[in-house]
Amino acid sequence: MQYWLMKSEPEAFSIQDLKKNKTTGWDGVRNYQARNLMRDQMQIGDRVLFYHSNAEPPGVVGLAEVSKTGLVDPSQFDPASKYHDPKADPENPRWIMVEIAFLEQFKQIVSLPEMREMAELDGMMVLQKGARLSVQPVSEAHFKLICARAGSQIQKSQKTKK
DNA sequence: GCCAACGTTGGC
DNA sequence: GCCAACGTTGGC
């Protein structure tokens, strides 16, 4: 299983929205590196740290899992969408997305300043200067550290099962 | 609201 | 294929 961090501005789509909707197609990604990760690397069941960017404070607010892969992002063909891509070809769509499913909203968010203080998270991509990539790979160790810090119920129950 | 970092575009 | 100009991201 692989681990990821996905950024969303809470004003656009928050963890509360995901909780309410249960699942969501991760549309609107218009960065090739992020697309390639979704298209080529992500697998059903992968765990996702849900990250609020442009928030006060920014940080990891919950958990999701990849529930569908290889979906065509419909917004590329929608002229009314701000993600409309006039160069997108319906015969050969360029923007591929995944669907993620809600798992948990953390009781305690793990804020960016807090993460910066955790020496064990050294090297984590989201902490690098200028790390704008909205879909990022996360190591298992970093993933677990953040879940532990958040008091994640899901991670706890997983541990007792094993 | 500022601005550094970064990705993309398009002229050449 | 280079690279300057421009737009966007996102922390602060």
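On a predicted model such as this, the values are computed, not experimentally measured, just so you know. We name chains A, B, ... by the order of the sequence lines, and we start the count at 1 in each one.
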N/O donor-acceptor pair under 3.5 Å between A:Ser8 side chain and A:Pro10 backbone
no

Please report the end-to-end axis angle for the helix from B:dG1-C:dC12 to B:dC12-C:dG1, five pairs per end, rounded to 10 degrees.
10°

Sub-4.5 Å side-chain heavy-atom contact between A:Val138 and A:Met124
yes

Contact list please: residues 75-98 of chain A against DNA chain B, heavy atoms, distance less than 4.0 Å, in numerical order.
none

Salt bridge (charged side-chain N to carboxylate O under 4.0 Å, His left out): pairs with one or both residues in residues 52-62 of chain A, sequence neighbours excluded:
none

Residue list, side-chain contact (heavy atoms from CB on, under 4.5 Å) with A:Glu140, at least two apart or on another chain
A:Tyr3, A:Lys144

Which residue pairs pass the salt bridge (charged side-chain N to carboxylate O under 4.0 Å, His left out) test when at least one of the two sits in residues 74-85 of chain A, sequence neighbours left out?
A:Asp85-A:Arg94

Check whether any side-chain heavy atom of A:Ser75 sits under 4.5 Å from a side-chain heavy atom of A:His84, and report yes or no.
no

Under the side chain to side chain donor-acceptor pair (under 3.5 Å) rule, collect the residues that match up with A:Thr24, sequence neighbours excluded.
none

By salt bridge (charged side-chain N to carboxylate O under 4.0 Å, His left out) - contacts of A:Glu120 (at least two apart)
none

On DNA chain B, which is the earliest and which the latest nucleotide, 5' to 3', with an atom closer than 4.0 Å to a heavy atom of chain A?
B:dA5 to B:dT8

Report the residues that fulfil side chain to side chain donor-acceptor pair (under 3.5 Å) with A:Asn54, sequence neighbours left out, ordered by chain and then residue number.
A:Glu9

Go through residues 111-124 of chain A and report each residue with a non-hydrogen atom lying under 4.0 Å from DNA chain C, sorted by number.
A:Leu112, A:Arg116

Could you tell me which residues satisfy salt bridge (charged side-chain N to carboxylate O under 4.0 Å, His left out) with A:Arg30, sequence neighbours excluded, listed by chain and number?
A:Asp73

Nearest-nucleotide wise, let me know which of A:Gln33 and A:Asn54 is further upstream toward the 5' end of DNA chain B.
A:Asn54

Could you tell me whether the side chain of A:Ser53 and the main chain of A:Lys7 form a donor-acceptor pair under 3.5 Å?
no

Can you list the other members of the hydrophobic cluster that holds A:Leu133, where links are side-chain heavy atoms under 4.5 angstrom apart?
A:Trp4, A:Met6, A:Phe13, A:Ile15, A:Leu18, A:Trp26, A:Val29, A:Leu37, A:Met38, A:Met42, A:Val48, A:Phe50, A:Val61, A:Val66, A:Leu71, A:Met97, A:Val98, A:Ile100, A:Phe102, A:Ile109, A:Met125, A:Val135

Assuming nearest nucleotide by heavy-atom distance, tell me which of A:Arg30 and A:Lys129 is located more 5' along DNA chain B.
A:Lys129

Donor-acceptor contact present, side-chain A:Gln136 to main-chain A:Val126, <3.5 Å
yes

